[in-house]
Amino acid sequence: MSGYHSPQVDVPIRLNTNESPFPPPESWLDELSEIVRSIEWNRYPDRGATHLREVIAARHGVSVNQVFVANGSNEVLQTILLAYGGAGRRVATFEPTYQMYAQIARVTGAEVVSGERRADLTLDEFEIERVMGMHSPAVTFLCNPNNPTGLVEPRENLRSLLDQATGIVVVDEAYAEFSEWSALEMFSEDLPMAVTRTFSKTLSMAALRIGYVVAPSWIIENLEIAALPYHLDSFKQAATVAALGFVNEMEDRVSVIKDERERISKFIGNLDADVWPSGSNFILFRPRSAGATVVWNALLKNGILVRDCSSWPRLEGCLRVTVGTESENSSFLSALAEALSS
Ligand code: PMP
């Protein structure tokens with residue numbers, strides 16, 4: 001196997017990893033210094049992260065035993081796969097999608113079964129039927145909105161997955177705040193559905209490494225068996241509780257990003273490129289005449305880093321750009337217009 005890499009280059013405008021372009025609020029930073037002093041550093045943290053889970057549970061109107069928190073949603077996904085993947089089990093994905101599902105599943109020894117999206121990268125319900133019927137996966141992943149396509153999944157696809165699921169269905173909502181709907185609308189203790197979220201995007205805290213899952217308590221119990229003792233340090237628990245005090249402020253920024261997203265999509269749509277509609281904070285596009293890697297290099301020469309997806313299976317010729325600040329986006333668009341016209 002090889003590892004999952006997200007190449008970084010030191011450039012002024014980084015639009016390649018779907019982070020928030022805005023730093024967290026100053027007032028949160030002020031609170032952090034008090035938090036550092038208040039921690040009993042010689043003691044292990046609260047293993048159950050109870051207070052933090054209470055605050056997250058209240059945010060979503062669920063109970064504390066329906067929430068599990070970890071170091072980024074990647075660790076949440078890993079914990080799910082440690083509990084429900086493993087040798088002798090199948091894990092289903094619908095490609096192209098976030099690559100870590102298949103990567104982590106294989107690391108646990110599970111067999112990965114890949115459903116295929118249509119040529120336009122949308123998901124066909126007959127393909128869902130085929131994958132679920134043929135493979136009876138222990139875990140099925142649906143990323144909504146999907147990374148790297150940005151497409152919002154129709155509700156019917158999730159309903160159909162849940163109707164046919166023999167194992168659990170994980171809906172990865174890393175980008176939910178930018179989207180049109182959330183699977184949490186359907187959440188119930190009786191449905192085998194887990195919904196993952198992250199603080200890395202809307203909440204501007206990718207450096208903090210925090211993510212969580214809302215799931216029925218019988219799933220959470222199994223995640224707690226798979227998680228390491230004290231996996232979530234005291235500082236992180238307290239810093240995240242403090243961060244949740246600023247959620248509304250952070251969510252106000254979502255509309256700024258969505259407006260910029262529409263501006264970028266429209267602009268690219270008028271260039272010599274195909275662009276996919278996005279319900280996320282990034283946009284997938286495919287230059288028609290110019291080669292993707294040539295365009296990627298031309299952008300880099302202008303100090304702008306986007307994600308080159310052109311060598312990924314099913315994404316030939318595609319690039320993905322994260323929505324940045326207004327001025328970053330403007331620099332990107334003028335460099336792109338130049339690259340596509342030359
Ligand atoms: N899920 C998806 C779909 C993502 O794009 C990402 C980040 N690239 C993650 C999960 C992981 O996010 P984090 O570990 O920062 O919470």
Side-chain angles (χ1 to χ4, degrees), residues 4 6 15-19 73-74 77 92-103 112-128 131 140-158 160-161 169-183 195-198 200-202 254 257-258 260-269 271 273-288 292-293 295-296 305-324 329 332 336:
Y4 172 82
S6 180
L15 304 177
N16 63 326
T17 43
N18 303 343
E19 295 144 311
S73 56
N74 277 337
L77 300 173
T93 63
F94 294 93
E95 301 295 335
T97 191
Y98 185 47
Q99 295 175 20
M100 287 308 291
Y101 311 142
Q103 175 83 10
V112 176
V113 291
S114 310
E116 294 291 330
R117 288 169 189 270
R118 300 183 185 103
D120 67 0
L121 305 178
T122 60
L123 180 54
D124 184 326
E125 64 179 281
F126 297 111
E127 181 62 357
I128 295 179
V131 170
T140 303
F141 284 99
L142 191 69
C143 186
N144 185 39
N146 189 31
N147 182 10
T149 65
L151 293 173
V152 176
E153 209 60 67
R155 282 183 177 78
E156 299 73 62
N157 279 351
L158 176 57
S160 153
L161 274 178
V169 174
V170 179
V171 186
D172 181 342
E173 293 199 338
Y175 304 96
E177 292 88 347
F178 307 103
S179 183
E180 291 151 24
W181 68 281
S182 164
V195 182
T196 64
R197 293 280 182 106
T198 179
S200 301
K201 316 290 174 183
T202 307
V254 169
I257 293 183
K258 281 175 156 177
E260 280 296 291
R261 177 182 76 199
E262 297 321 308
R263 177 168 81 96
I264 299 171
S265 293
K266 216 167 144 193
F267 190 100
I268 302 180
L271 300 175
D274 296 317
V275 57
W276 276 267
S278 170
S280 193
N281 69 338
F282 57 84
I283 296 159
L284 186 76
F285 64 99
R286 180 185 273 145
R288 284 192 209 112
T293 306
V295 175
W296 186 85
L305 183 62
V306 300
R307 196 73 185 263
D308 185 357
C309 313
S310 63
S311 63
W312 301 1
R314 308 164 187 89
L315 291 174
E316 200 181 313
C318 289
L319 298 170
R320 190 194 69 190
V321 62
T322 305
V323 179
N329 301 332
F332 159 71
L336 181 68

W276 side chain vs D120 backbone, donor-acceptor pair below 3.5 Å: yes
Assess, by modelled atom type and distance only, whether the side chains of D172 and Y98 contain a donor and an acceptor separated by less than 3.5 Å. no
Within the 4.5 Å heavy-atom criterion, are L315 and L121 side-chain neighbours or not? yes
Taking atom types as modelled, find out whether S182 and R197 have a side-chain donor-acceptor pair closer than 3.5 angstrom. yes
Between R288 and A273, is there a donor-acceptor pair closer than 3.5 Å when you use the side chain of the first and the backbone of the second? yes
Under a plain distance cut-off of 3.5 Å, with no hydrogens placed, do N18 and R307 share a side-chain donor-acceptor pair? no
Is it the case that atom CD in E116 sees more than 12 heavy atoms from other parts of the structure closer than 6.0 Å? yes
Would you say that F94 contacts E153 through its side chain, given a criterion of any heavy-atom pair below 4.5 Å between the two side chains? no
4.5 Å side-chain heavy-atom contact, F332 and I268: yes
Residue list, side chain to side chain donor-acceptor pair (under 3.5 Å) with N146, at least two apart or on another chain: T97, T149
How long is the span from the SG atom in C309 to the CD atom in E316, to the nearest 0.5 Å? 12.5 Å
Partners of E127 by side chain to side chain donor-acceptor pair (under 3.5 Å), sequence neighbours excluded? R130
